[in-house]
Amino acid sequence: MAAYDFNAPRLFLDIPMHEGARHTLDRAQANYLLSVLRRDAGEPVLVFNGRDGEWRAEIAPTGRKAADLVLRAQTRPQTPAGDLHYLFAPLKAARLDYVAQKAVEMGASLIHPVVTRRTQGDRIKLDKLRANAVEAAEQCGILSLPEIREPAPLAEAIAGLAPERLLVFCDEDAPVADPVAALRQAVPGNGTVPLAVVIGPEGGFTPEERALIGDRPHTARLSLGPRILRADTAAVAVLALVQAVLGDGRAGA
């Protein structure tokens with residue numbers, strides 16, 4: 001039997017959580033639980049706030065289309081968030097939504113849009129990025145929400161990384177080689193380091209941008225293989241690779 005309850009709906013609530021706490025659902029939340037999911041009084045809902053773990057709450061209707069949630073017991077304690085920064089050139093709206101959701105699913109602790117010479121995406125709507133992060137966390141049982149930073153020029157974002165943070169640079173011009181070996185070589189001895197990943201725009205980085213990133217100490221430059229990947233596909237591929245080799249996807253991590 002699965003240890004996690006996949007049947008109970010799950011909501012992010014930005015409130016302090018403790019036994020007996022009562023929260024009045026807003027119109028959208030009440031409509032989702034009462035009308036869309038057709039949940040009744042006393043049925044369980046899992047809630048989290050990114051700070052106090054996950055809690056089991058019960059529905060307490062207060063009207064035909066209104067309800068409160070009453071917190072009953074903690075189901076999971078808060079666990080430490082990972083330490084994986086995801087830097088990416090903005091994409092067009094639909095693909096940006098996808099990338100934000102997948103980055104959260106893959107354990108990104110920080111999402112940072114960076115502006116490059118060939119960036120083609122529309123103006124970043126941070127509220128929408130946050131909404132996509134919340135949706136992914138709700139659906140995937142994630143306890144922590146990533147920090148979402150204002151867009152910044154690529155050079156500024158790279159300069160802002162702590163020196164000890166390993167930057168994984170997916171360079172389309174890197175020689176095709178074993179990316180797993182490249183990552184292990186960057187952190188010998190199966191150690192643990194804070195991580196960052198940078199993904200370029202649809203048109204790729206310019207030579208000047210590649211030089212800027214490649215010249216940074218503690219940077220692992222690698223290829224994702226012989227095929228040309230879309231930026232959103234590359235994001236999922238490299239996040240999965242980094243977590244499997246150096247992150248929380250390792251055996252025994």
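Just the heavy atoms: all of them, side chains too, but no hydrogens, waters or symmetry mates, feed the values below. Quantities reported herein were computed from a predicted structural model and do not represent experimental measurements.
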Determine, step by step, whether E202 and R95 satisfy the side-chain contact (heavy atoms from CB on, under 4.5 Å) criterion, reporting the C-alpha distance in whole Å, the side-chain angles of both residues, the deciding distance to 0.1 Å, and the verdict.
CA-CA 11 Å; E202 293 166 325; R95 292 169 64 193; 2.3 Å; yes
As a quick check of understanding, evaluate side-chain contact (heavy atoms from CB on, under 4.5 Å) for F48 and E138, giving each step before the final call.
CA-CA 8 Å; F48 69 107; E138 288 176 338; 3.9 Å; yes
Walk me through it: do L222 and C170 pass the test side-chain contact (heavy atoms from CB on, under 4.5 Å)?
CA-CA 5 Å; L222 54 84; C170 300; 4.3 Å; yes
Intermediate values then yes/no, side-chain contact (heavy atoms from CB on, under 4.5 Å), K128 and D97
CA-CA 8 Å; K128 193 171 184 183; D97 294 347; 3.3 Å; yes
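The hydrophobic cluster containing F205 also contains L167, counting ILVMFWY residues as joined when their side-chain heavy atoms lie under 4.5 angstrom apart, directly or transitively. Both V168 and V104 are members of a single hydrophobic cluster when ILVMFWY side chains are connected at heavy-atom separations under 4.5 Å. Residue V193 is not grouped with residue F169 when hydrophobic side chains (ILVMFWY) are merged at heavy-atom distances under 4.5 angstrom, including chains of intermediate members. In the hydrophobic clustering of this structure, L154 groups with L87; members are Ile, Leu, Val, Met, Phe, Trp, Tyr whose side-chain heavy atoms approach within less than 4.5 Å, directly or through other members. No continuous path of ILVMFWY side-chain contacts below 4.5 Å connects L161 to L110, so the two sit in separate hydrophobic clusters.
For the side-chain contact (heavy atoms from CB on, under 4.5 Å) criterion with F88, the lone passing option out of V198, V114, I111 is I111.
Residue V70 comes nearest to A60 through the heavy atom pair CG2-CB, 4.2 Å, listed as atom of the first residue, atom of the second, then distance. Among all heavy-atom pairs drawn from P61 and A41, the shortest one is CD-CB, 3.4 Å. Residues L239 and A103 share a closest heavy-atom pair of CD1-CA, 3.9 Å. Nearest heavy-atom pair, L129 versus P113, reported as atom, atom and distance to 0.1 Å: CD1-CG, 4.1 Å. Nearest heavy-atom pair across A220 and L166 is N-CD1, 4.0 Å. In terms of heavy-atom proximity, P151 sits nearest to L126 at CD-CD2, 4.2 Å.
Side-chain atoms of R39 and P9, non-hydrogen and from C-beta on, do get closer than 4.5 Å to each other. Looking at heavy atoms from C-beta onward, N132 lies out of side-chain contact with V99 at the 4.5 angstrom threshold. A 4.5 Å side-chain heavy-atom check between L13 and W55 finds every atom pair outside the cut-off. Side chains of L241 and L224 form a contact here, defined as non-hydrogen atoms less than 4.5 Å apart. Within the 4.5 Å cutoff, the side chain of M106 has no heavy atoms near those of the Q101 side chain.
Residue-environment remark: CZ (F12) exceeds the threshold of 12 foreign heavy atoms within 6.0 Å. Annotation: R165, atom CZ; neighbour count of heavy atoms from other residues, nucleotides and ligands within 6.0 Å is above 12.
A donor-acceptor pair is defined here as one N or O able to donate and one able to accept, closer than 3.5 Å; no such pair exists between the side chain of S35 and the backbone of Y32. The backbone N or O of G204 lies less than 3.5 Å from no partner atom in the side chain of R210, so there is not a single donor-acceptor pair. Formation of a donor-acceptor pair under 3.5 Å by the R184 side chain with backbone atoms of A186 is not found in this model. The backbone N or O of R27 lies less than 3.5 Å from no partner atom in the side chain of N31, so there is not a single donor-acceptor pair. Counting only distance, with no hydrogens or angles, the side chain of E209 and the backbone of R117 share a donor-acceptor pair below 3.5 Å. A donor-acceptor distance shorter than 3.5 angstrom exists from the side chain of Q243 to the backbone of D248, with no hydrogens or angles considered.
Rounding to the nearest 0.5 angstrom, the gap separating the OG atom in S109 from the CG atom in L84 is 6.0 Å. Separation of atoms CG (L195) and NE2 (H85) is listed at 9.5 Å; rounding is to 0.5 Å. In this structure, the separation between CG on L34 and CD1 on I59 is 6.0 Å, given to the nearest 0.5 Å. If you take CZ on R56 and OG1 on T75, they are separated by 9.0 Å, rounding to the nearest 0.5 Å. One distance of note links CD of E105 with CD of E135; it measures 9.5 Å at 0.5 Å rounding. One finds the CG atom of L46 at 8.0 Å from the CZ atom of R76 (value rounded to the nearest 0.5 Å).
Residues satisfying the side chain to side chain donor-acceptor pair (under 3.5 Å) criterion with Q185, sequence neighbours excluded, are absent altogether. In this view, A89 and T116, T119, P201 satisfy the side chain to side chain contact (heavy atoms under 4.5 Å, CB included) rule, not counting sequence neighbours. Every residue meeting the side chain to side chain contact (heavy atoms under 4.5 Å, CB included) condition with A66, not counting sequence neighbours, appears here in chain and number order: T62. Every residue two or more places apart in sequence or in another chain was checked for a side chain to side chain donor-acceptor pair (under 3.5 Å) with E164, and none qualifies.
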Which atom pairs, donor and acceptor, lie under 3.5 Å between side-chain atoms of residues 142-149 and protein residues at least two apart or in another chain?
unit_1 : atom_1 : unit_2 : atom_2 : d
S144   : OG     : Q78    : NE2    : 3.0
E147   : OE2    : R149   : NE     : 3.0

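Checked for salt-bridge contact, E54 and R10 meet the test: a charged N lies under 4.0 Å from a carboxylate O. Between D232 and R230, at least one side-chain N (NZ, or NE/NH1/NH2) sits under 4.0 Å from a carboxylate O, which counts as a salt bridge.
Within the structure, side-chain hydrogen bond (donor to acceptor under 3.5 Å, both in side chains) pairs that include any residue of residues 43-52 comprise D14-R51, N49-D52 (at least two apart or interchain).
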